[in-house]
Amino acid sequence: MAEQQGQAAEDAVMTRIGQIAMLQHAGDQEEARERFAALWEEIGPDGDPLHRCTLAHYMADTQQDPAEELRWDLLALEAADSLTDDRVAAHHASLAVRGFYPSLHLNLAADYARLGRPDTARDHLRQARARVGALADDGYGWLVLRGIERLERELAVEADDGAADSAQGTVGRPRAEGEAGGA
């Protein structure tokens with residue numbers, strides 16, 4: 001009986017996270033951020049890893065500051081690292097922890113790219129790419145795979161642009177007409 005009550009409480013937390021995520025997806029980022037923060041305080045840093053991973057994953061998307069988004073995405077990854085397949089399956093039988101990692105690493109790659117750290121972004125993209133086999137062949141799996149491919153293309157273009165700038169003797173700024181080596 002106590003075990004059933006504990007499971008019901010855990011389900012209640014996931015339900016609350018889902019309800020707040022609906023606010024977020026409806027565009028109310030500020031309210032979602034405030035509610036996620038309050039729920040994070042309730043869960044605590046040592047709370048259920050599934051709750052922490054899920055909440056941090058959504059909380060990251062409410063952040064306006066890329067450094068804060070990175071912080072929350074790192075918290076989601078840290079929580080995923082302490083998750084077990086048994087815990088995840090208790091929430092939903094079709095889930096496995098390994099399926100979380102492509103998305104978590106894609107989010108981290110995007111964070112690092114926005115923060116001007118393309119090498120670290122590429123490292124996380126490689127980790128995401130290495131784990132895509134864990135994704136189902138469904139809409140979510142395709143979404144994550146397309147996100148990985150898009151960011152790979154963006155970082156490749158930036159790398160090509162940086163190499164061209166470097167070869168011209170500048171990094172990150174086009175040469176002005178009349179400048180040495182300019183047009």
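Quick note: residue numbers are just sequence positions, from 1.
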**Prompt:** For M14 and H92, what are the C-alpha separation, side-chain angles and deciding distance, and is it a side chain to side chain contact (heavy atoms under 4.5 Å, CB included)?
**Reply:** CA-CA 11 Å; M14 292 301 287; H92 196 284; over 6 Å; no
**Prompt:** How would you list all residue pairs meeting salt bridge (Lys or Arg N to Asp or Glu O under 4.0 Å) that involve residues 106-118, not counting sequence neighbours?
**Reply:** E69-R114, D111-R114
Kindly compute the distance separating [atom1] ([X]) from [atom2] ([Y]), expressed to the nearest 0.5 Å.
X    : Y    : atom1 : atom2 : value
E152 : R126 : CD    : CZ    : 10.0 Å
R122 : Y112 : CZ    : OH    : 14.5 Å
H91  : L95  : NE2   : CG    : 6.5 Å
L55  : I17  : CG    : CD1   : 4.5 Å
R52  : L39  : CZ    : CG    : 12.5 Å
D61  : N107 : CG    : CG    : 6.0 Å

Check: [Y] main-chain N/O paired with [X] side-chain donor or acceptor under 3.5 Å:
X    : Y    : value
D85  : V97  : yes
Q29  : Q24  : yes
S103 : F100 : no

**Request:** Starting from the C-alpha separation in whole Å, work towards a yes-or-no answer on side chain to side chain contact (heavy atoms under 4.5 Å, CB included) for F36 and T62.
**Result:** CA-CA 9 Å; F36 279 139; T62 68; 4.1 Å; yes
**Asked** Which heavy-atom pair separates A79 from C53 by the least distance, and what is that distance?
**Response** CB-N, 3.5 Å
**Message:** I need the minimum non-hydrogen distance between S82 and P49, along with the two atoms involved.
**Reply:** OG-CB, 3.4 Å
**Item:** Co-members of L145 in a cluster of I, L, V, M, F, W and Y side chains, linked at under 4.5 Å
**Value:** L106, L125, V132, L135, Y140, V144, I148, L151, L155
Following the transitive rule for hydrophobic clusters with a side-chain heavy-atom cut-off under 4.5 Å over Ile, Leu, Val, Met, Phe, Trp and Tyr, establish whether [X] and [Y] coincide in one cluster.
X    : Y   : value
L115 : L77 : yes
M22  : M59 : no
L23  : W40 : no

**Request:** Indicate yes or no: does D48 engage R87 in a salt bridge with an N to O separation below 4.0 Å.
**Result:** yes
**Item:** Charged N-O contact under 4.0 Å between E68 and R33
**Value:** no
**Asked** Got a sec: does the CD of E34 have more than 12 other heavy atoms crowding it under 6.0 Å?
**Response** yes
**Asked** side-chain hydrogen bond (donor to acceptor under 3.5 Å, both in side chains): which pairs involve residues 72-81, sequence neighbours left out?
**Response** D81-Y101
